[in-house]
Protein chains: 2
Amino acid sequence: MPITHKSKQGNSNRRYTYDWPMAALTVDGIIFGFDPADSKSPLKVLLIHRGEEPFKGLWAIPGGHVDIENSETLEDAVKREVLEEAGVKFEYLEQLYTFADPHRDPRGRVVSVSYFVLVVKDNYGINEKGGDDADMAAWMSVSKVTRMNLAFDHNKIIGMAVKRLQSKVRYAPIGFNLLPPTFSLVQLQDLYEAILQRKLDKRNFRRRILSMGILSEVGKSKKGRPVNLYRFDKKAYERSLEFGFNFEV
Amino acid sequence: MPITHKSKQGNSNRRYTYDWPMAALTVDGIIFGFDPADSKSPLKVLLIHRGEEPFKGLWAIPGGHVDIENSETLEDAVKREVLEEAGVKFEYLEQLYTFADPHRDPRGRVVSVSYFVLVVKDNYGINEKGGDDADMAAWMSVSKVTRMNLAFDHNKIIGMAVKRLQSKVRYAPIGFNLLPPTFSLVQLQDLYEAILQRKLDKRNFRRRILSMGILSEVGKSKKGRPVNLYRFDKKAYERSLEFGFNFEV
DNA sequence: CCAAAAGTGTTATATGTACACCCATGT
DNA sequence: ACATGGGTGTACATATAACACTTTTGG
């Protein structure tokens, strides 16, 4: 039975006893970022290089145990883990799916509630410790990651997260969470093209986005040819919602 | 990182001890059924009347513990609980959301993975034990349930399930799982109107559904005026999918 | 003056939406 | 013969999709 494990520490405080075996509860955060500098595949996901077994040497989604003792919520656990393991603060968080296959972790029954996280990649302060064997964080292109062999069932998890991002970005204004507060329409379109993995018509895209009335103009860029800059106007968006408005790209 | 330790204390009952407190893992099934006999509010959800504390006397969603000892999957747990508690076999099952608020159950930390279940209501064999104090199952109108005070956080759960049903029924052919294998277009439209809570135009609805080419005619009803009967043609639907077809109502 | 990237309208086609009467049956 | 509920087509409005050139700047 997979839940049986020898104890390693002779004197650990095993103070908590139950009538039945219990599952461990963890959270995982699939952290997406957008890096315009990589014009080939700007959509990134943050992974951790595992320094320990199981799956030592493979890349994995950041995550860890929920602190039941301190009544930690799942969302707080994700925030904590993502900050600890990846040094990242995020804008947008949403529960993705719960993975609970009995054999997904060779150490025992581990239930993972996965969360879908969007960050402005500029804000990162991740631990990119060169060739070190310890845990190390890195932004990797989604297109590359989906062809890698990841730890645990993390290929499946990332696959689901990417699908969710692709579908949700089309009917909810979540993409803005991947951009700095102020952005150009070209940047926004590049973001959508990276996520949806197809080219969009420039004029149709601009007309559609602008006609929604959820962007505010905040001036022009100073360097180079003046570019119109916008910010996402959350207030205007919420006002529109009340009149049955539907965001849709 | 030790996760679980199992030990026997004495010979009588097995005790399981851990280094940290653990959360209990349960599943809940929000079971929807469609009852054309109730023309006023035909969309039903199956609830259990609680015979014990906490929340004794209130109605709740059927559910229960996952059998970790026997490496039960979450889906198997839902199937088992729903069959045990409600006597129902179902057609369609999908994970809805994981509810894990630290105080959602007064007895301790309980994480519930909820599942969204569709059944053909004719097939039921539920325990409707009159005025008994024991657990008792009943089909209740969704419109009524959303105005009742349910046990635990079950109002929230049902609210989310109804929203999911409403959105998903529009872009996936899941509604057919609430109807008998053979049905008329009028029945199908009644179903959609009950779920979406608005009237649909008869001619537009029929044209749209038939033009998808995912229904097969299987003859006419014998009693009364002849009514065209159809079945959902899953094969045809899947073939269409490969050519980029999108179900949408 | 040339390269690079931002910005801008019009037209054809497809899709969605509104709407009212006839027909077959059981009573 | 009448009440009930199933069945059917058209016209108009709106939304989508395809398409190429001009402008502004820095080098």
Side-chain angles (χ1 to χ4, degrees), chain A residues 34-40 42 169-171 179-180 182-194 196-231 240 243-249, chain B residues 34 36-40 42 167 169-171 179-180 182-194 196-231 240 243-249:
Chain A
F34 179 69
D35 180 2
D38 181 353
S39 61
K40 197 78 178 176
V169 84
R170 289 176 56 184
Y171 66 87
L179 293 176
T182 269
F183 51 85
S184 70
L185 289 180
V186 171
Q187 277 177 286
L188 187 62
Q189 184 174 348
D190 287 346
L191 173 69
Y192 271 88
E193 290 181 345
L196 300 177
Q197 299 193 104
R198 59 189 167 91
K199 282 279 170 201
L200 300 174
D201 182 278
K202 206 201 311 193
R203 283 170 289 188
N204 292 339
F205 180 81
R206 296 164 92 92
R207 182 181 26 248
R208 163 157 285 205
I209 297 284
L210 288 176
S211 71
M212 292 178 182
I214 58 173
L215 297 187
S216 305
E217 245 182 290
V218 291
K220 294 181 186 295
S221 66
K222 301 296 175 185
K223 301 175 184 171
R225 172 173 175 176
V227 175
N228 286 330
L229 297 178
Y230 301 85
R231 65 176 184 82
S240 306
F243 295 101
F245 166 77
N246 273 311
F247 182 90
E248 205 174 330
V249 178
Chain B
F34 178 70
D38 181 354
S39 62
K40 197 78 180 175
S167 62
V169 85
R170 288 177 56 185
Y171 66 89
L179 293 177
T182 269
F183 51 85
S184 70
L185 289 180
V186 171
Q187 278 177 284
L188 187 62
Q189 183 174 349
D190 287 346
L191 173 69
Y192 271 88
E193 291 181 345
L196 300 176
Q197 299 193 106
R198 60 191 166 90
K199 282 280 172 200
L200 300 174
D201 182 277
K202 205 200 312 192
R203 284 171 290 189
N204 293 339
F205 180 81
R206 297 164 92 92
R207 182 181 25 245
R208 162 158 285 208
I209 296 285
L210 289 176
S211 70
M212 293 179 183
I214 57 172
L215 296 188
S216 304
E217 245 181 291
V218 292
K220 293 180 188 292
S221 65
K222 302 295 177 186
K223 301 176 186 170
R225 171 174 178 176
V227 176
N228 287 330
L229 298 178
Y230 300 85
R231 66 176 182 83
S240 307
F243 296 100
F245 165 76
N246 273 312
F247 181 90
E248 204 175 329
V249 177

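Order of the sequence lines sets the chain letters (A, B, ...), proteins ahead of strands, with each chain counted from 1.
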Round to the nearest Å and state the distance from [X] atom [atom1] to [N] atom [atom2].
{"X": "B:Ile209", "N": "D:dG7", "atom1": "CD1", "atom2": "P", "answer": "14 Å"}
{"X": "B:Phe245", "N": "C:dT15", "atom1": "CZ", "atom2": "P", "answer": "12 Å"}
{"X": "A:Gln187", "N": "C:dG7", "atom1": "CD", "atom2": "P", "answer": "11 Å"}
{"X": "B:Phe205", "N": "C:dG16", "atom1": "CZ", "atom2": "C1'", "answer": "15 Å"}
{"X": "A:Leu188", "N": "C:dA5", "atom1": "CG", "atom2": "P", "answer": "19 Å"}
{"X": "A:Asn246", "N": "C:dG16", "atom1": "CG", "atom2": "P", "answer": "14 Å"}
{"X": "B:Lys220", "N": "C:dC23", "atom1": "NZ", "atom2": "P", "answer": "15 Å"}
{"X": "B:Tyr230", "N": "D:dG6", "atom1": "OH", "atom2": "C1'", "answer": "11 Å"}

From [X] [atom1] over to [Y] [atom2], what is the distance, rounded to the nearest 0.5 angstrom?
{"X": "A:Ser216", "Y": "A:Leu229", "atom1": "OG", "atom2": "CG", "result": "12.5 Å"}
{"X": "A:Asp190", "Y": "A:Phe205", "atom1": "CG", "atom2": "CZ", "result": "9.0 Å"}
{"X": "A:Arg207", "Y": "A:Asp201", "atom1": "CZ", "atom2": "CG", "result": "8.0 Å"}
{"X": "B:Ile209", "Y": "B:Leu185", "atom1": "CD1", "atom2": "CG", "result": "7.5 Å"}

**Request:** Would you kindly compare A:Glu248 and B:Leu185 by the position of their nearest DNA chain D nucleotide and give the one closer to the 5′ end?
**Result:** B:Leu185
**Complete:** The answer to which of A:Arg208 and B:Ser184 contacts DNA chain D further toward the 5' end, by nearest nucleotide, is B:Ser184
**Prompt:** Take atom CZ in B:Arg231; do more than 12 heavy atoms of anything else shown fall under 6.0 Å from it?
**Reply:** yes
**Request:** Using a 3.5 Å limit on both pairing distances, list the dot-bracket string of DNA chain D from the 5' end; Watson-Crick and G-U wobble pairs count, crossing pairs take [ ], interstrand pairs take |.
**Result:** |||||||||||||||||||||||||||
**Request:** Flag the pair B:Asn246 / B:Tyr171 as yes when at least one side-chain heavy-atom distance between them is below 4.5 Å, and no otherwise.
**Result:** no
**Prompt:** Is there side-chain contact between B:Leu215 and B:Phe183, with heavy atoms separated by less than 4.5 Å?
**Reply:** yes
**Sugar-phosphate, base or nothing in reach of A:Arg206, heavy atoms under 4.0 Å** = base
**Asked** Quick check: does any side chain N or O of A:Gln189 sit under 3.5 Å from a backbone N or O of A:Arg206, one acting as donor and the other as acceptor?
**Response** no
**Message:** One character per nucleotide, please: for nucleotides 18-27 of chain D, 5' to 3', B when the base has a protein heavy atom closer than 4.0 Å, S when only the sugar-phosphate does, - otherwise.
**Reply:** BBB--BBSS-
